[in-house]
Amino acid sequence: MDGLTQSHTGRSGFPPAYLDRVGSSFTDFLGVTAPDLLPGRRPVPQIPVGDLTPHGTTIVAVTYHGGVLMGGDRRATMGNLISSRDIEKVYPADSWSVIGIAGAAGIAIEMVKLYQVELEHYEKIEGLTLSLDGKANRLAQMIRGNLGAALQGLAVVPLFAGYDLDAAPGTTPGRIFSYDVTGGNYEERGYSAVGSGSLFARNSLKKTWRPGLDGDAATRSLVEALYDAADDDSATGGPDPVRRLYPIVYRVDAEGAVRLTDDEVSAVAGAITEERAAAEGQG
């Protein structure tokens, strides 16, 4: 206990915060013990810095008969430059939910990792899984804590989706939640998109998505929306068969969150490309 006084230590030599807190939020615990590790608590330059950092772009989510799908392109931009062609923007939040990131890539990825620990910490402390609404609200609190950085151009605007284990019989178990930079939390119906290509992705989904789609048709609708976004938005990357880079797509259903393989996604993207190439030839 060199350098530590009794006032700074608790039982077994641990600081009191490690032993006396009974809350289930890891973020709250971190805010007490090491607030400088929280993304929103770090000093931010007092000038706009958004164009100096890599940004992730388009994320799309759609519900279907058995759950929900989420996918994202692979491009990150820095101003007018492509900073990365193979960034991953969609992650499993836990066994029953996924999160996609748009905005300042570094802060967003760090927020995702913290959020994953937050959900795991709750489950270990409480002995049960947080409800889907509870998960969505926890994420909103974390986004709200990043508001200062967002005002300097380092905004993080994720898309969250999951399988509702408590869904009433006859209702759609797949649910989607969108957010704004202030932490506003909005449940979406059917489909949603965020990022620079979201306008074009939504317009595509209006034509291809409908209630009650099966998994294959919903996957096709999602990949086609990302294809259309890449067609009109320079910050969104399209399928790249040369580098074998395809959208990352997660399916969340009664079996949990599963990432589709590159072969599965490339088959869908290839079919879309061939159909459009044939249509162009007929024109």
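- Taking the ring-ring contact (aromatic ring centres under 6.0 Å, His included) definition, one finds that Tyr191 meets it with Trp209, sequence neighbours left out.
- When the salt bridge (charged side-chain N to carboxylate O under 4.0 Å, His left out) test is applied to Asp214, no partner is found at least two apart in sequence or on another chain.
- Residues Arg259 and Glu88 are paired through a salt bridge, judged by an N-O separation under 4.0 Å between the basic side chain and the carboxylate.
- Thr261 and Asp263 form no side-chain donor-acceptor contact under 3.5 Å, judged by distance and modelled atom types alone.
- Applying the ring-ring contact (aromatic ring centres under 6.0 Å, His included) test to pairs two or more places apart or on separate chains, none has a residue in residues 218-254.
- At least one side-chain heavy atom of Leu226 sits less than 4.5 Å from a side-chain heavy atom of Thr58.
- Heavy atoms from other residues, nucleotides or ligands lying under 6.0 Å from CD of Glu255 number 12 at most.
- Note on Lys207 versus Glu224: no salt bridge recorded, every NZ/NE/NH1/NH2 to OD/OE distance being 4.0 Å or above.
- Applying side chain to side chain contact (heavy atoms under 4.5 Å, CB included) to Val249 and the options Asp262, Leu222, Val60, Val90 leaves one that passes, Leu222.
- Side-chain atoms of Val181 and Val157, non-hydrogen and from C-beta on, do get closer than 4.5 Å to each other.
- A 4.5 Å side-chain heavy-atom check between Asp216 and Tyr64 finds every atom pair outside the cut-off.
- Members clustered with Phe200: none, using a 4.5 Å side-chain heavy-atom cutoff among hydrophobic residues.
- Clustering ILVMFWY residues whenever any of their side-chain heavy atoms sit less than 4.5 angstrom apart, transitively, puts Val194 in a cluster other than the one holding Leu205.
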Decide side-chain contact (heavy atoms from CB on, under 4.5 Å) for Ile101 and Ile109; before the verdict, give the C-alpha distance in whole Å, the side-chain angles of both, and the deciding distance to 0.1 Å. CA-CA 8 Å; Ile101 57 172; Ile109 293 172; 3.7 Å; yes
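- Take Thr273 and apply the side chain to side chain donor-acceptor pair (under 3.5 Å) test, not counting sequence neighbours, and it matches no residue.
- Atom CG of Asp166 is separated from atom OG1 of Thr171 by 10.0 Å, given to the nearest 0.5 angstrom.
- A search for side chain to side chain donor-acceptor pair (under 3.5 Å) contacts involving Asp133 returns Arg175, not counting sequence neighbours.
- Side-chain contact of Ser192 with Arg202: a donor-acceptor pair under 3.5 Å is present, judged by distance alone.
- Side-chain contact between Arg138 and Met142 is absent, with no heavy-atom pair separated by less than 4.5 Å.
- Ser84 and Ile87 get closest at one heavy-atom pair: OG-N, 3.5 Å.
- In this structure, CG on Asp228 lies 11.0 Å from OG1 on Thr236, to the nearest 0.5 angstrom.
- In terms of heavy atoms, Ala201 sits closest to Ala193 at CB-CB, 4.0 Å.
- For the salt bridge (charged side-chain N to carboxylate O under 4.0 Å, His left out) test, residues two or more places apart in sequence or in another chain that qualify with Glu275 are Arg220.
- Sequence neighbours left out, the pairs with a member in residues 93-102 that pass side-chain hydrogen bond (donor to acceptor under 3.5 Å, both in side chains) are Asp94-Ser97, Asp94-Lys135.
- Under the salt bridge (charged side-chain N to carboxylate O under 4.0 Å, His left out) criterion, Asp233 pairs with no residue, sequence neighbours left out.
- Note that CG of Leu69 is 4.5 Å distant from OG1 of Thr219, once rounded to the nearest 0.5 Å.
- Shown here for Arg75 and Ala235, the closest heavy-atom pair between the two residues is CD-O, 3.5 Å.
- To the nearest 0.5 Å, atoms CG (Asp86) and CG (Asp73) are separated by 11.5 Å.
- Taking NE2 of His65 as the reference point, atom CG of Leu213 lies at 11.0 Å (rounded to 0.5 Å).
- Counting only heavy atoms from C-beta outward, the side chains of Ile248 and Lys89 never approach each other to under 4.5 Å.
- Legend: residues meeting salt bridge (charged side-chain N to carboxylate O under 4.0 Å, His left out) with Asp240, ordered by chain and number and at least two apart, are Arg243.
- Listed by chain and number, the residues in a side-chain contact (heavy atoms from CB on, under 4.5 Å) with Asn185 are Ala136, Asn137, Ala140, Phe177, Tyr179 (sequence neighbours excluded).
- Leu139 and Pro158 get closest at one heavy-atom pair: CD2-CG, 4.1 Å.
- Cluster membership for Leu130 and Val117, using ILVMFWY side-chain heavy atoms within less than 4.5 angstrom, is shared.
- By the 4.5 Å heavy-atom criterion applied to side chains, Leu132 and Leu165 are not counted as neighbours.
- Between Ile176 and Gly190 the shortest heavy-atom distance is CD1-O, 3.9 Å.
- In this structure, Arg276 places its CZ atom where more than 12 heavy-atom neighbours from other residues, nucleotides or ligands lie under 6.0 Å away.
- Taking the side-chain contact (heavy atoms from CB on, under 4.5 Å) definition, one finds that Val252 meets it with Val68, Val98, Tyr163, Ala257, sequence neighbours left out.
- No path of Ile, Leu, Val, Met, Phe, Trp and Tyr side chains, each step under 4.5 Å between heavy atoms, connects Ile99 with Leu260, placing them in separate hydrophobic clusters.
- Of the possible polar contacts, none joining the Ser221 side chain to the Ala217 backbone as a donor-acceptor pair under 3.5 Å is found.
- Looking at every heavy atom in both residues, Asp180 comes nearest to Thr182 through OD1-OG1, 2.6 Å.
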